[in-house]
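Nothing here was measured: the structure is a model prediction, and the numbers come from that model.
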Amino acid sequence: MADFLITNGLVMTCEPDVLTGPIIPDGAVAVEGNKILEVGSIAELAARYADASRIDASGCIVMPGFVITHTHMPYVLGHNMPVDFSQLKSFWDMLQKMGWEWLEDITTGEGIYAATRYAAAKMLKSGTTTVCEMVEGPNALPGALSQSARAIEEVGIRAQVGFEVTERVPGVSILERLDPARAERGFEENLALLKNYPAGKEAEGRIQGRLGVHTAYTNSPETLKAARELADTHGCGIQIHVAEIPRAFLVEKYGKSAPRVLEETGVLGADVLAVHCIDMTDEDLEIFQRSGVHVAHTPMTNSLGGNGVARVPEMLERGINVSLGHDCFFTLDTAEYLRYAYLLHKAHNANPMLLPPFQALDLVLGNGARALGLEERVGSLAAGKRADILVIRPDAPAPVTPDSVLSYFTMTFRGQEVDTVLVDGKVVVDQGRMTTVDEEEVARRCLEEAKKLWRKNGIDV
Ligand SMILES: [Zn+2]
């Protein structure tokens with residue numbers, strides 16, 4: 001007995017992957033509870049599930065929801081903030097001033113709640129159904145994660161959530177001093193969340209904990225080892241920024257690159273999601289290969305910081321699983337990041353053969369699901385998987401057919417073409433409108449919190 005039958009769409013199963021997964025022209029998807037019951041042709045499924053409520057997807061694409069593996073939702077409070085860009089001469093300046101001083105260190109629990117509701121709703125409306133969120137805000141402890149989780153609960157997106165463990169002391173240069181007691185507070189925050197939102201293969205929840213660790217350069221080897229222990233005890237995996245700054249920084253400190261430090265402290269493993277991964281040597285890539293680490297590629301923020309371009313085509317060639325993240329620094333529309341990644345590596349390597357449309361789409365579907373250990377639940381449309389489903393109404397100047405649909409995603413697709421979104425079998429976006437929250441109220445409250453944050457930076461608003 002199905003609850004919903006999504007009918008008459010161009011169904012992209014993306015199972016087992018985008019390239020080989022069947023595309024069904026007059027397809028249908030049957031949903032029961034929070035799971036997909038069956039995927040097939042309308043001719044087969046219409047009779048079998050005659051009593052189910054229909055969602056008519058005529059003229060639409062039906063596909064799995066997008067998976068974005070690196071977000072900082074509270075960052076939306078800093079969107080468009082008029083700051084003195086002349087102070088930002090390097091990524092190091094951006095991290096210390098824009099990232100820490102002007103944003104994270106003045107982030108409050110109310111700000112986290114308001115921004116997370118806004119960002120999660122915007123992401124759902126543009127087709128992102130799963131995110132991996134790392135909350136940063138040392139002065140919002142304790143309780144930062146409960147605000148984040150409360151917002152995610154309300155909005156209805158699927159998420160893995162953690163707080164960044166860091167020894168960094170707000171207002172003090174990390175070159176001057178780190179404080180392990182700070183890391184302790186971060187661990188406690190993650191543990192408190194994991195109590196309510198357990199992780200691991202058996203955990204059924206839409207929200208799960210995933211331990212956040214800021215970096216190898218803002219934590220001592222002892223803290224990194226403790227992170228591995230916690231992840232093993234709770235089966236929650238680790239999310240950590242890796243090699244977003246030139247390796248000279250860590251080489252000066254330890255005589256080793258970040259991947260080497262992380263391997264030697266036992267952090268690396270198949271449950272690790274490494275974010276950015278730009279300044280990577282061949283040896284670093286080999287470390288990732290042998291440890292089974294997953295990568296969250298964040299091309300737009302890396303470009304903004306002048307950090308360089310991650311060696312994504314080589315990573316994929318080596319069998320390293322690469323997914324897509326975006327830090328919530330620009331728009332929240334996956335289409336923009338997908339297109340940027342699709343183009344960037346061609347331009348950077350002067351090679352139009354790199355990252356064809358199917359491979360770009362895999363970054364935000366199966367690869368994203370694998371990166372989070374959720375490959376048995378999301379990333380494709382198949383019986384038994386969670387019903388995280390998009391109905392997209394293309395606004396394209398030319399036909400969208402089984403032969404052209406992959407190019408549609410890299411050429412013209414925009415998030416606003418997403419019509420209906422299901423997460424866990426529940427309609428959370430209906431004809432472009434959120435069903436779970438009052439969008440206007442969410443936007444108003446986010447704006448108020450943004451103003452409060454800006455004022456703390458001396459901006460008259
Ligand atoms: Zn980040």
Begin with the C-alpha distance, continue with both residues' side-chain angles, and end with the deciding distance and a verdict on salt bridge (charged side-chain N to carboxylate O under 4.0 Å, His left out) for Glu204 and Arg386.
CA-CA 10 Å; Glu204 290 288 324; Arg386 297 302 160 90; 2.8 Å; yes
Report the distance from atom CG of Leu77 to atom CD of Glu104, rounding to the nearest 0.5 Å.
12.0 Å
One should read off an interatomic distance between Gln239 CD and Asp271 CG, to the nearest 0.5 angstrom, of 12.0 Å
Would you please say whether a donor-acceptor pair under 3.5 Å links the side chains of Thr218 and Thr215?
yes
Under 3.5 Å, side chain of Thr13 to main-chain N/O of Pro22, donor-acceptor pair present?
yes
For atom CD of Glu202, decide whether the heavy atoms of other residues, nucleotides or ligands shown that lie under 6.0 angstrom number more than 12.
no
Is there side-chain contact between Leu381 and Val62, with at least one heavy-atom pair below 4.5 Å?
yes
Above 12 or not: heavy atoms from other molecules or residues under 6.0 Å from CD of Glu317?
no
For the residue pair Leu45 and Ala28, what are the closest heavy atoms and their distance?
CD2-O, 3.5 Å
Checking Thr128 side chain against Phe66 main chain: does a donor-acceptor pair fall under 3.5 Å?
no
For the residue pair Ala216 and Leu262, what are the closest heavy atoms and their distance?
CB-CD2, 4.0 Å
State plainly whether the residues Lys125 and Asp419 are in salt-bridge range, i.e. N to O under 4.0 Å.
no
Under the 3.5 angstrom rule, does the side chain of Asp424 hit a backbone N or O of Lys426 as a donor-acceptor pair?
no
Any donor-acceptor N/O pair, Thr223 side chain to Asn219 backbone, under 3.5 Å:
no
Is the His345-His297 ring centre distance short of 6.0 angstrom?
yes
Set out, in order, the CA-CA distance, both residues' side-chain angles and the distance that settles side-chain hydrogen bond (donor to acceptor under 3.5 Å, both in side chains) for Gln359 and Tyr342, then state yes or no.
CA-CA 9 Å; Gln359 209 170 25; Tyr342 171 69; over 6 Å; no
Salt bridge or not for Arg206 and Glu153, using N-O below 4.0 Å?
yes
Strictly below 4.0 Å, N to O, side chains only: are Asp282 and Arg311 in salt-bridge contact?
yes
Grab the two heavy atoms, one from Thr129 and one from Leu124, that are nearest each other, plus how far apart they are.
CA-CD2, 4.0 Å
Between Asp179 and Ala181, is there a donor-acceptor pair closer than 3.5 Å when you use the side chain of the first and the backbone of the second?
yes
Are more than 12 heavy atoms from other residues, nucleotides or ligands located less than 6.0 Å from atom NZ of Lys346?
yes
Asp93 side chain vs Ser90 backbone, donor-acceptor pair below 3.5 Å
yes
Examine His214 together with His241 and report whether their ring centres are nearer than 6.0 Å.
yes
Taking atom types as modelled, find out whether Glu167 and Ser220 have a side-chain donor-acceptor pair closer than 3.5 angstrom.
yes
Give me the atom names and distance for the closest heavy-atom approach of Gly186 to Phe163.
CA-CD2, 4.2 Å
Is any side-chain heavy atom of Thr401 less than 4.5 Å from a side-chain heavy atom of Pro25?
no
Pairing of Glu264 and Lys256 as salt bridge, 4.0 angstrom limit:
yes
Would you say Leu344 and Pro299 make side-chain contact, with heavy atoms under 4.5 Å?
yes
Parallel, tilted or perpendicular, as decided by the 30° and 60° cut-offs, for the rings of Tyr75 and His72
tilted
With distance as the sole test, does Arg339 use its side chain to make a donor-acceptor pair with the main-chain N or O of Phe413 at under 3.5 Å?
yes
CD1 of Ile207 to CG of Leu145, rounded to nearest 0.5 Å, is 11.0 Å
Around atom OH of Tyr118, are there more than 12 heavy atoms from other residues, nucleotides or ligands closer than 6.0 Å?
no
Is it true that Ser257 and Asp284 share a donor-acceptor pair across their side chains at a distance under 3.5 Å?
yes
N/O donor-acceptor pair under 3.5 Å between Thr331 side chain and Asp333 backbone
yes
Restricting to non-hydrogen atoms, name the atom on Ser41 and the atom on Ile24 that form the minimum distance, rounded to 0.1 Å.
CA-CG2, 4.2 Å
Nearest-0.5 Å distance that lies between atom OH in Tyr217 and atom OG1 in Thr166
9.0 Å
Using side-chain heavy atoms (C-beta onward) and a distance below 4.5 Å, is Met98 in contact with Phe85?
yes
Under 4.0 Å between a side-chain nitrogen and a carboxylate oxygen: does that hold for Arg290 and Glu263?
yes
Heavy-atom side-chain proximity of Val261 to Leu224 below 4.5 angstrom
yes
Does a side-chain N-to-carboxylate-O contact under 4.0 Å join Asp388 and Arg158?
yes
Can you find a side-chain donor-acceptor pair between Thr298 and Tyr337 that sits under 3.5 Å?
no
About how many Å separate CG of Leu211 and CZ of Arg228, when rounded to the nearest 0.5 Å?
9.0 Å
Examine distances only and state if a side-chain atom of Thr116 and a backbone atom of Tyr113 form a donor-acceptor pair shorter than 3.5 Å.
no
Can a side-chain donor-acceptor contact be found between His276 and Asn307 if the only test is distance below 3.5 angstrom?
no
So, Arg393 side chain and Glu417 main chain: donor-acceptor pair closer than 3.5 Å or not?
no
Please determine if Arg260 forms a cation-pi arrangement with Tyr254, meaning its NZ or CZ atom is less than 6.0 Å from the six-membered ring centre and no more than 45° off the ring axis.
no
Rounded distance [0.5 Å steps], CD in Glu189 versus CG in Leu191
10.0 Å
Just checking, any donor-acceptor pair under 3.5 angstrom between side chains of Gln289 and Arg318?
yes
